[in-house]
Amino acid sequence: MLARSSVLSLAFSLLAGHATALPLDVDSQDSIKSVAKTLANGIVSFYDATLKEDLVPGLFPDPYYWWESGLAFNALIDYYGLTNDSEYNTRVSEALQHQLGDSKAFMPANQTKSLGNDDQSTWGLASLSAFEAGLSAPTSGSWLQFAQNVFETQIARWDTQSCDGGLKWQIFSFNSGYNYKNAISSGQLFLLAARLAEHTGNGTYTQWANKVYNWTTEIGLVSDDYHIYDGTDDTSNCSTVNHIQWSNNHAMYTEGVALMYKLSNSSQAWVDTVKGFVNASSVFTDDNGALREVACEGNGKCSIDQRAFKGTAARSFGRAAQAAPFVADSIYKTLGASAKAAASSCTVNTEDDVACNFYWNEQSIEESGTASNGHLGEVLNALQAVQALLWRTSDFSNSTSNSTASANATSSGSPSDTSGAPQSTGAGSTVAASFTFAIAVAFAAALSC
């Protein structure tokens, strides 16, 4: 049953016909679930309207790139797993299956013109979330197998022709950014491998997780003090690094190393690494302790893509706290402040009309907006920030650990170290100074994640 105070507060606002901030009590699971439901409804109502017009399951319209559609459905899968509310499951299942493509690895032909490795792995991670949450089985195959298919296609693209490894941002050479090896592409492969290792017990996934993580440290995308930098250019053999930092990248790596800590049976090397990432995450918090997109909030130049990063960060931080409980208290200070700020940035006129602000503690900077009028990322941010509070008491992401189903993975290219501990923790010695400011800005503007 929903918290009575939350229901009454929302009901009175609807009857009065005027907008009011979402009434969130971060100490009440009923309140958290009630607010999450309101935010999820705002996203689904926009999707339903889009589907009636475009008739393409799994897509949100321009200006949203394909990856953000995958992000939205992952958030709705998490909503189901964290609240046990299955209302949206049929839509979500249909969306994921429709976007699989002929290879059953989330490479639909109609996305070829802009398909990046990070786009594909966003959907692969969503499929793995569907497996974890126990979403009804697809008509053929399995959610786990689809995620494994993504892994198989991506390790086949692991590029040793330059920089001694790494995953390119783009899959196809005719796309802009093909020569950019960025933190998110390799990082999502790292996370996908770690999560597959957890659920299958297959050591090859652990080996690949180590391999990818070690490459990012050696090349300098992960610094000695556990900051994550955006990317590097393989035409210069990755000799320089773009030092822009994004919240989603940092949290994704934090989740990945937390899982490696768990898989390594609490190796001290991974304990230290997890602590390092959590300590370094302070760069992404404001004076009130809530998440802040440090690279662009201050200058007001966050793109459509970048305006969805904080929610992704909240999700990964919540999952990291679940995998590595010794950092949970620190993480939940950030998540609690973020959920409060996110909810207070949102207003509701009707159950399906939720407007949220990108700026959580400085809302006067710009107008709030609904998912249907160009603010899908903002509503997604709020949903994921609020429901991230439920990871503390949820076990759905771990409920299928060590599943023997579809546990096969290729053994090619595995590193020699299979211990589960990181082989290196610092940047490569050849990393030079960052790009000039102009180049860094150009990279940031080009990001579509």
Side-chain angles (χ1 to χ4, degrees), residues 24-29 32 36 78 82 183 187 190-191 194-195 198 213 216-217 222-229 245-295 297 309-344 360-361 381-398 421-422 425-426:
L24 176 67
D25 178 357
V26 298
D27 296 317
S28 165
Q29 289 213 356
I32 294 167
D78 286 349
L82 293 167
F190 164 54
L191 180 56
R195 287 174 64 178
E198 179 188 23
Y213 178 78
T216 63
T217 64
V222 177
S223 72
D224 290 333
D225 55 355
Y226 303 102
H227 291 282
I228 305 294
Y229 300 131
Q245 299 182 70
W246 304 108
S247 64
N248 63 327
N249 281 352
H250 191 94
M252 171 181 59
Y253 278 81
T254 304
E255 180 187 349
V257 299
L259 282 171
M260 296 305 286
Y261 150 80
K262 182 179 177 182
L263 291 166
S264 70
N265 294 317
S266 307
S267 158
Q268 187 60 47
W270 284 116
V271 170
D272 295 341
T273 301
V274 172
K275 288 181 178 178
F277 274 104
V278 172
N279 290 337
S281 67
S282 61
V283 71
F284 297 106
T285 56
D286 61 23
D287 292 341
N288 296 299
L291 286 169
R292 180 175 184 268
E293 202 60 58
V294 65
E297 277 198 38
F309 287 175
K310 289 190 293 187
T312 308
R315 179 190 71 202
S316 275
F317 280 136
R319 292 176 63 99
Q322 185 188 55
F326 64 92
V327 291
D329 287 346
S330 177
I331 286 176
Y332 273 97
K333 287 180 181 178
T334 299
L335 293 181
S338 298
K340 285 181 180 178
S344 67
W360 288 347
N361 284 311
N381 280 346
L383 171 61
Q384 293 184 100
V386 169
Q387 68 187 22
L389 298 176
L390 299 173
W391 286 108
R392 185 189 287 271
T393 55
S394 172
D395 64 355
F396 93 80
S397 72
N398 295 313
T425 57

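These numbers come from the heavy atoms of this one structure, side chains and all, not from hydrogens, waters or symmetry mates. Count residues from 1 along the sequence.
- Ala258 approaches Ala320 most closely through the heavy-atom pair CB-O, 3.7 Å.
- Between the NZ atom of Lys310 and the CZ atom of Phe317 there is a distance of 13.0 Å, given to the nearest 0.5 Å.
- In this structure, the separation between OG on Ser247 and CD on Glu293 is 3.5 Å, given to the nearest 0.5 Å.
- Distance check, rounded to the nearest 0.5 Å: CZ of Arg315 to CH2 of Trp391 gives 8.0 Å.
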Pair up each side-chain donor or acceptor in residues 323-343 with any protein partner under 3.5 Å, not counting sequence neighbours, and list the distances.
residue : atom : partner : partner atom : Å
Tyr332  : OH   : Arg392  : N            : 2.7
Ser338  : OG   : Leu291  : N            : 2.9
Ser338  : OG   : Thr334  : O            : 2.8

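- In this structure a side-chain-to-backbone donor-acceptor pair under 3.5 Å is present from Tyr253 to Ala183.
- Here CZ of Phe284 is found 10.5 Å from CZ of Phe309. Values are rounded to the nearest 0.5 Å.
- Within the 4.5 Å cutoff, side-chain heavy atoms of Phe396 are placed close to those of Asp78.
- Listed here is the closest heavy atom pair of Ala280 and His227: O-CE1, 3.6 Å.
- With sequence neighbours left out, the side-chain hydrogen bond (donor to acceptor under 3.5 Å, both in side chains) criterion links Ser282 to no other residue.
- Nearest heavy-atom pair across Ala314 and Ala388 is O-CB, 3.6 Å.
- Atom CH2 in Trp360 sits 5.0 Å away from atom CG in Asn381 (nearest 0.5 Å).
- A distance-only check finds no donor-acceptor pair linking the side chain of Asn288 to the backbone of Ala290 [under 3.5 Å].
- Annotation: side chain of Tyr261 is in contact with side chain of Ser266 (closest heavy-atom distance under 4.5 Å).
- Taking CG from Leu390 and CD from Gln322, the interatomic distance works out to 11.5 Å, rounded to the nearest 0.5 Å.
- In this structure, Thr312 and Gln384 approach most closely via the heavy-atom pair N-NE2, 3.6 Å.
- Closest non-hydrogen pair, Tyr226 versus Gly276, comes out as CD1-CA, 3.4 Å.
- The closest side-chain heavy-atom distance from Val278 to Lys275 is not below 4.5 Å.
- Here the closest non-hydrogen pair linking Arg195 and Leu259 is CG-CD1, 3.4 Å.
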